[in-house]
Amino acid sequence: MTQVMFDLDVLRTFSTGMALGSYARAADKLGRSTSAVSAQLKKLESQAGTVLFRKEGRGLALTDAGETLLAYAHRMLELNDEASAALRGADLQGWVRLGLQEDFGETLLPAVLGRFARAHPKVRIEACVARSGELRERLELGQLDLALAWDAGDQPLSPHAERVARMPLLWIGPTAPERVDAPWWTEREHRAGIRAVKSKEPLPLIMLDAPCPLREIVITALDRAGLPWRRAFGSASLAALWAATSAGLGLTVRTPFGLPAQVRALDRAVLSLPALPQISLVLYRAQARAEAPASRLATLLLEAVRQHLQLETVQPR
């Protein structure tokens with residue numbers, strides 16, 4: 001049986017089109033005609049020996065086989081790009097100081113640091129996990145080269161900051177509804193397993209300790225909606241918030257980025273909870289023209305974030 005050899009150039013077109021949500025935009029970005037991109041996708045389906053796309057409205061969506069191949073395409077392109085970077089930057093040396101919020105410590109950090117270390121073994125990385133305010137302060141003091149953090153719009157962005165994505169704030173509760181045994185839950189739609197909040201009881205909130213921009217956003221939204229609330233649990237640790245939420249002590253608020261398996265986003269309409277705004281994911285740089293090690297690490301961070309966001313939209317929880 002002949003072994004299939006996938007074309008990396010075709011896989012890059014495939015991956016780029018899904019990331020951008022349009023193969024017309026992918027053609028523009030890659031400098032190809034739409035007919036050339038269509039020919040590449042036909043070639044890919046022929047190599048795969050199965051249907052990868054299905055019509056969805058005016059666009060294309062992936063079949064199960066297409067989603068499987070997309071995951072492998074990411075890995076193959078990542079390895080290709082890592083090899084290329086390793087050869088180009090074999091002599092890269094220096095020191096990079098990276099700051100991250102806790103949301104990204106388990107989701108992004110291991111993979112990014114692993115790729116970077118393999119490609120640039122002579123570069124030393126110092127990473128710290130802290131809250132957004134502390135990360136911005138450390139950048140201003142010259143203690144960090146890069147920082148990946150949430151921005152709620154409470155302060156102006158620094159000159160060298162880059163908005164990576166806008167993400168919604170969601171009401172978060174336990175994945176297992178049987179964990180919840182409290183007077184503020186009432187069964188409204190038993191078949192769907194959805195529970196709604198009683199307006200008579202104060203909503204128990206699980207939030208990070210002050211100062212926390214999200215805390216102010218949530219309290220303001222509830223006050224404007226005339227919904228009573230109480231502080232059920234507070235901590236400086238995001239992991240502690242996930243544990244309290246999973247245990248059914250109350251609701252918390254976060255973006256969908258990197259939610260652990262024991263919690264889930266809730267339908268605010270069913271729960272009669274107020275809508276919440278979006279916040280920005282921002283990559284902060286200490287200077288406009290970073291040293292080569294910091295610049296390379298920033299590139300890997302951005303690639304990892306965008307790939308994670310794409311997988312979040314493709315793969316249901």
### Task
For the residue pair N80 and R12, establish whether any side-chain heavy-atom pair is separated by less than 4.5 Å.
yes
### Task
Output the distance between atom OG1 (T255) and atom CG (D103), rounded to the nearest 0.5 Å.
6.0 Å
### Query
Taking atom types as modelled and ignoring hydrogens, do the side chains of S33 and S35 form a donor-acceptor contact shorter than 3.5 angstrom?
yes
### Query
Taking the inter-plane angle between the rings of W150 and F104 on a 0 to 90° scale, is it parallel (under 30°), tilted (30 to 60°) or perpendicular (over 60°)?
tilted
### Sub-4.5 Å side-chain heavy-atom contact between R215 and T220
no
### Task
Dump the intermediate steps for side-chain contact (heavy atoms from CB on, under 4.5 Å) on R254 and W242, then the final yes or no.
CA-CA 10 Å; R254 212 70 186 171; W242 293 143; 3.8 Å; yes
### Task
Say whether L77 and V4 are linked into one hydrophobic cluster, either directly or through other cluster members, by side-chain heavy-atom distances under 4.5 angstrom.
yes
### Message
Are L8 and L44 connected into the same hydrophobic cluster when the rule is that any two of I, L, V, M, F, W, Y join if their side-chain heavy atoms are below 4.5 Å apart?
### Response
yes
## Note on the structure
All heavy atoms of V37 vs all of A27, minimum pair found to be CG2-CB, 3.7 Å
### Task
Go through the side-chain N and O atoms of R163 and S280 and say whether any donor and acceptor fall under 3.5 Å apart.
yes
#### Entry: side-chain contact (heavy atoms from CB on, under 4.5 Å) evaluation trace for L205 with L222
CA-CA 11 Å; L205 292 180; L222 289 171; 3.8 Å; yes
### Query
Linking I/L/V/M/F/W/Y whenever their side-chain heavy atoms sit closer than 4.5 Å, directly or via other members, would V129 and V282 fall into one cluster?
no
### Check: Q262/T175 side-chain N/O donor and acceptor closer than 3.5 Å
no
### Task
List the steps and the verdict of side-chain contact (heavy atoms from CB on, under 4.5 Å) for L300 and R296.
CA-CA 6 Å; L300 289 182; R296 176 59 186 156; 3.4 Å; yes
### Task
Can you see which heavy atom on L276 is nearest to which on A221, and at what distance?
CD2-CB, 3.8 Å
#### Entry: Short side-chain to backbone donor-acceptor contact, S38 and T34, under 3.5 Å
yes
### Minimum side-chain heavy-atom gap L214-L208 below 4.5 Å
no
#### Entry: Check: K42 main-chain N/O paired with S46 side-chain donor or acceptor under 3.5 Å
no
### Y284 side chain reached by H160 side chain, heavy atoms, under 4.5 Å
no
### Query
Salt-bridged, E140 to R138, with N to O below 4.0 Å?
no
### Query
What closest approach, in Å, do P274 and L227 show between heavy atoms, and which atom pair accounts for it?
CD-CD1, 3.6 Å
### Task
Answer yes if V51 and F53 sit in the same cluster of Ile, Leu, Val, Met, Phe, Trp and Tyr residues linked by side chain heavy atoms under 4.5 Å apart, and no otherwise.
no
### Minimum-distance pair of heavy atoms, taken over all atoms of V123 and P293
CG1-CB, 3.8 Å
### Task
Could you check E126 against V96 for side-chain contact (heavy atoms from CB on, under 4.5 Å), going step by step and ending with a plain yes or no?
CA-CA 6 Å; E126 285 189 5; V96 185; over 6 Å; no
### Query
L69 versus F6: any side-chain heavy-atom pair under 4.5 Å?
yes
### Task
Measure the CG-CG distance between L273 and L203 for me, rounded to the nearest 0.5 Å.
6.0 Å
### Message
Taking the six-membered ring of W95 as reference, does the cationic atom of R97 (NZ for Lys, CZ for Arg) lie under 6.0 Å from its centre and within 45° of its axis?
### Response
yes
### Query
Is the shortest distance from a Lys or Arg side-chain nitrogen in E102 or R131 to a carboxylate oxygen in the other one below 4.0 Å?
no
## Note on the structure
Scanning both residues in full, the closest heavy-atom pair of L283 with V164 reads N-CG2, 3.9 Å
### Value rounded to 0.5 Å, distance of CG in L139 from CZ in R136
9.5 Å
### Query
How about I279 and D151: do any of their side-chain heavy atoms sit closer than 4.5 Å?
no
### Message
Please check: side-chain N/O of T252 versus main-chain N/O of I172, any donor-acceptor pairing under 3.5 Å?
### Response
no
### Query
Is the backbone of S235 close enough, under 3.5 Å, to the side chain of D209 for a donor and an acceptor to pair up by distance?
yes
### Query
Does D64 come within less than 4.0 Å of R54, counting only side-chain N to carboxylate O?
no
### Message
Are more than 12 heavy atoms, taken from residues, nucleotides or ligands other than E303, located less than 6.0 Å from that residue's CD atom?
### Response
yes
### Query
Any link between V10 and L62 through a network of hydrophobic side chains (Ile, Leu, Val, Met, Phe, Trp, Tyr) touching at under 4.5 Å?
yes
### Task
Drop me the distance from R25's CZ to T16's OG1, to the nearest 0.5 angstrom.
12.5 Å
### Summary
Between the CE atom in M18 and the OH atom in Y23, the distance rounded to the nearest 0.5 Å is 5.5 Å
### Message
Within the 4.5 Å heavy-atom criterion, are L11 and Y72 side-chain neighbours or not?
### Response
no
## Note on the structure
Between A147 and L135, the two heavy atoms sitting closest are CB-CB, 4.3 Å
### Query
Do D223 and W229 meet the criterion of a side-chain donor-acceptor pair at a distance under 3.5 Å?
yes
### Query
In Å, rounded to the nearest 0.5 Å, how long is the span from CG of L170 to CZ of R264?
12.0 Å
### Task
Side-chain contact test, heavy atoms from C-beta onward, threshold under 4.5 Å: evaluate it for T63 versus T50 and give yes or no.
no
### Query
Does a salt bridge link R32 with D9, judged by any charged N lying under 4.0 Å from a carboxylate O?
yes
### Message
Check D7 with K43, please: is the shortest side-chain N to carboxylate O separation under 4.0 Å?
### Response
yes
